[in-house]
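Data block below; observations after.
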Amino acid sequence: MILERIEGPEDVKSLSPDELKVLAAEIRRFLIEKISVTGGHLASNLGVVELTIALYLAFDLPRDKVVWDVGHQSYTHKLLSGRREMFDGLRQFGVLRGFPQRAESPYDCFDTGHSSTSISAGLGIAQGRDLLGENYAVVSVIGDGALTGGMAYEALNNAAHLRGNFIIVLNDNTMSISRNVGGVSKYLNELRSGVGYNELKKQVSGALLRIPVVGEGLVDKISRTKSSIKQLVIPGMLFEDMGITYLGPVDGHNIESMKKVFREARKMDHAVLVHVLTKKGKGYPPAEKDPARFHGVEPFRVRTGKPLHRKEFPSYTDVFSEKLCELAARDTRIVGVTAAMPDGTGLKAFGKRFPARFFDVGIAEQHAVTSAAGMAAAGMKPVVAVYSSFLQRGFDQILHDVCIQNLHVVFALDRAGLVGSDGETHQGIFDLSFLSCIPNLMVMAPKNRWELESELEYALMRHEGPIAIRYPRGQAYRGLEKFDAPIEYGKGEILYEGHEIALLAVGSMVSTAEHIRDKLAEEGWDCTLANGRFIKPFDRELVDRLARRHRLVVTLEENVLQGGFGLPVTAYIHQHAPEVKVLNIALPDAYVEHGNVSVLRETLAIDSDSIIRSMREFYPPLAATAGVPDGSGREPSGSIRITEGL
């Protein structure tokens with residue numbers, strides 16, 4: 001295999017054109033085989049194999065810098081830069097990341113994971129290069145889907161003023177995660193359907209030069225006029241009008257064509273955009289047929305493309321989707337808003353049933369939030385469905401456009417808490433912190449599938465004002481089904497009444513707390529289990545009740561400690577019941593790397609066994625009964641007096 005000989009750029013450059021084609025085919029087979037086992041981003045990577053090879057041929061990596069927008073299409077880049085042996089551990093804890101990261105390799109010049117950032121980052125690198133008097137190429141690869149994000153245009157606007165070489169590669173495959181929408185997509189469709197500019201320029205120039213006497217003068221005059229040949233043949237000329245030279249479109253699966261264009265682009269002393277046409281999922285029929293489904297996949301059967309593991313129970317996303325459609329059938333003011341993720345957020349079914357009330361705004365979370373605010377101001381009930389980590393991008397709009405006006409916008413935060421294999425950029429572990437600091441905004445988290453349904457109905461039918469509901473990725477918890485106390489403003493619930501130790505959990509950690517209670521019961525401890533339900537405002541009456549009747553209160557949340565649920569509860573207890581000891585179980589104030597969620601929970605000490613160990617260290621009476629199944633040897637609870645706080 002040629003791929004087995006590739007350890008870096010020089011190995012790629014030593015190959016003949018025929019060998020490069022073989023290499024591309026081998027890379028596709030390798031990626032399909034490995035991702036079918038580990039899961040990962042398949043369709044996007046299959047689409048950029050030749051593009052990545054061409055970049056390695058035309059540039060001198062890692063001296064030259066390539067910034068991959070989002071970065072989920074960087075697998076071929078990782079292969080060609082000597083990381084092939086790591087692919088058996090793709091997206092597994094401590095092994096190969098699914099996105100570029102500087103700490104992993106010198107070939108990764110910038111950490112990426114979210115969309116529409118590469119032009120800004122690349123421009124900054126180019127400006128730093130010029131200020132330091134250095135000489136290397138900077139290339140930002142951005143997809144047409146990412147070009148729907150406003151940040152990309154802020155960067156393009158500034159790139160036009162650069163007085164040094166900067167290359168933007170527009171990887172145009174008509175897709176982001178789902179099919180692209182909006183005016184940008186229409187504009188690029190026109191460019192794709194037109195004759196390639198460079199080819200047409202040659203034809204026009206050649207025809208003019210054949211005119212006796214005046215031909216050469218005409219070519220020179222046209223090239224120097226503001227209304228150039230490009231203005232005649234390319235609709236809109238958006239990039240040229242901004243001051244960025246446009247080259248293309250070029251076939252993104254023709255290595256030699258791309259290599260030639262990249263080398264031409266490198267000669268320019270300003271910003272240049274190379275428009276490359278690729279096919280998402282190329283080389284694997286199931287992914288070509290349904291690239292959205294193969295954007296990010298779990299392990300699958302290569303022959304059929306079907307998942308290896310059949311989903312037996314609905315996910316939280318499924319539950320949200322079905323309940324929202326039910327409520328929308330009852331109330332015509334309910335609308336759904338998403339940012340290029342109708343499949344991932346569960347709004348696809350809503351869009352099919354209520355197309356006039358469904359808005360996919362593209363990769364534009366800021367616009368999604370403010371447009372929802374506008375719809376709320378007009379009397380509608382917008383539901384903004386977005387991944388937790390992506391809502392970070394709309395923080396100012398939540399605060400400024402929704403909450404200052406106290407508008408009735410519902411935020412449905414999917415993938416809250418630990419997401420797993422996508423790593424630092426996708427873990428939804430900050431939402432409780434950045435949402436809880438905003439006045440007027442209520443924040444809730446369901447303990448199971450039925451509570452998600454109840455909370456969504458409460459948010460849309462009984463509440464006025466902004467409200468966020470956060471729920472985790474994966475199968476919806478089916479336990480605790482007998483507890484169905486109606487949702488009341490700011491009220492939690494007692495699930496099991498015990499004494500001495502109270503477990504106060506929110507969201508996904510309620511099921512963990514249930515397991516803790518069961519395990520401690522084997523040692524004779526009868527713990528109270530309470531579901532906070534509301535993170536903001538938390539239930540002060542419930543906390544008062546727990547503090548009066550228990551010596552230790554343990555708060556549990558799947559969010560970083562700072563700004564989350566536990567610290568304000570602790571402050572309240574210390575103010576009103578300083579004799580009660582409080583232990584906060586939360587994630588560390590750090591970025592959590594990629595890995596299986598179960599492995600991460602154990603590593604971060606938020607699984608049930610780790611939490612029990614933390615409780616034993618924090619509360620000595622528990623340590624005395626470790627491993628004692630009937631609770632014998634335990635001191636009578638009346639003899640214990642705890643005076644210290646956290």
Side-chain angles (χ1 to χ4, degrees), residues 9 12-13 48 50-71 73-74 76-77 80-81 100 107-110 112 116-132 134-144 146-147 151-173 188 191 196-198 201 230 234 237-252 254-278:
V12 180
K13 292 177 180 178
V48 298
E50 290 87 359
L51 168 57
T52 309
I53 292 173
L55 289 170
Y56 269 69
L57 293 171
F59 297 97
D60 181 20
L61 304 179
R63 183 174 179 274
D64 293 335
K65 314 298 180 188
V66 177
V67 183
W68 297 91
D69 203 278
V70 184
Q73 78 284 52
S74 63
T76 299
H77 160 68
L80 299 182
S81 58
Y107 288 88
D108 297 351
C109 69
F110 199 85
T112 52
S116 313
T117 63
S118 66
I119 303 178
S120 294
L123 177 59
I125 293 172
Q127 290 168 326
R129 171 201 64 194
D130 295 344
L131 288 170
L132 293 172
E134 297 177 346
N135 181 26
Y136 56 84
V138 180
V139 182
S140 291
V141 182
I142 186 168
D144 54 316
L147 210 59
M151 184 176 175
Y153 293 93
E154 297 174 21
L156 285 169
N157 181 57
N158 281 274
H161 301 291
L162 186 70
R163 293 295 174 260
N165 182 252
F166 175 41
I167 301 168
I168 302 162
V169 177
L170 172 55
N171 172 34
D172 184 358
N173 59 25
L188 292 176
L191 291 182
Y197 164 70
N198 290 319
K201 181 176 72 171
K230 289 186 180 182
I234 296 182
M237 285 306 301
L238 170 65
F239 306 111
E240 290 278 345
D241 287 345
M242 293 180 73
I244 298 172
T245 296
Y246 173 89
L247 300 177
V250 61
D251 182 356
N254 187 315
I255 295 172
E256 287 299 315
S257 295
M258 284 185 290
K259 181 175 71 172
K260 183 178 180 181
V261 173
F262 290 153
R263 287 176 174 171
E264 180 180 347
R266 187 169 186 169
K267 298 174 184 177
M268 300 183 183
D269 61 356
H270 54 274
V272 54
L273 184 141
V274 180
H275 186 185
V276 175
L277 303 181
T278 63

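Here the CD-CG distance, from E50 to L57, works out to 11.5 Å after rounding to the nearest 0.5 Å. For the atom pair I142 CD1 and M151 CE, the distance stands at 9.5 Å (nearest 0.5 Å). To the nearest 0.5 Å, the span separating CD1 on I244 from CD1 on I167 amounts to 13.0 Å. For the atom pair OG (S120) and OH (Y153), the distance works out to 12.5 Å, reported to the nearest 0.5 Å. Atom CG of L170 and atom CD1 of I119 lie 8.0 Å apart (nearest 0.5 Å). Going from atom CE of M258 over to atom CG of L51 covers 5.5 Å, rounded to the nearest 0.5 Å.
Results of the side-chain hydrogen bond (donor to acceptor under 3.5 Å, both in side chains) test with T278 over D251, D144, N171 single out N171 as the only residue that passes. Of the residues L61, D60, I125, the one that meets the side-chain contact (heavy atoms from CB on, under 4.5 Å) test with Y136 is I125.
Taking the side chain as every heavy atom from C-beta outward, L55 and L80 never approach each other to under 4.5 Å. With a 4.5 Å cut-off on side-chain heavy atoms, L247 and M268 count as touching. When side chains are defined from C-beta on, W68 counts as touching T52, because their heavy atoms get closer than 4.5 Å. Residues L156 and I168 form a side-chain contact, since some pair of their non-hydrogen atoms from C-beta on lies under 4.5 Å apart. Residues T117 and D69 meet the side-chain proximity criterion, which asks for heavy atoms closer than 4.5 Å.
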* Asked: Taking it one step at a time, do F59 and V66 satisfy side-chain contact (heavy atoms from CB on, under 4.5 Å)?
  -> CA-CA 9 Å; F59 297 97; V66 177; 5.5 Å; no
* Under the side-chain contact (heavy atoms from CB on, under 4.5 Å) criterion, do L162 and D130 qualify, and how do the steps go? -> CA-CA 10 Å; L162 186 70; D130 295 344; 3.9 Å; yes
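Every salt bridge (charged side-chain N to carboxylate O under 4.0 Å, His left out) that E256 has, sequence neighbours left out, goes to K259.
A donor-acceptor pair under 3.5 Å is formed between the side chain of S140 and the backbone N or O of S118. Looking only at distances, a side-chain donor or acceptor of Q73 sits under 3.5 Å from a matching main-chain atom of G71. Using a distance-only test at 3.5 Å, with no hydrogens or angles considered, no donor-acceptor pair links the side chain of R266 to the main chain of N165. Side-chain atoms of S116 come within 3.5 Å of backbone N or O of A146 as a donor-acceptor pair. A distance-only check finds a donor-acceptor pair linking the side chain of D64 to the backbone of A137 [under 3.5 Å].
When all heavy atoms are compared, the tightest approach of A54 to I255 is CB-O, 4.0 Å. Residues C109 and V67 share a closest heavy-atom pair of SG-CG2, 3.7 Å. Here the closest non-hydrogen pair linking A265 and V274 is CB-CG2, 4.0 Å. When all heavy atoms of S257 and V250 are compared, the closest pair comes out as CB-CG2, 3.8 Å.
The cationic atom of K65 (NZ for Lys, CZ for Arg) does not lie both less than 6.0 Å from the six-membered ring centre of F110 and within 45° of the ring axis.
Aromatic ring pairs are classed by plane angle as parallel below 30°, tilted from 30° to 60° and perpendicular above 60°; the pair H77 and Y107 is perpendicular.
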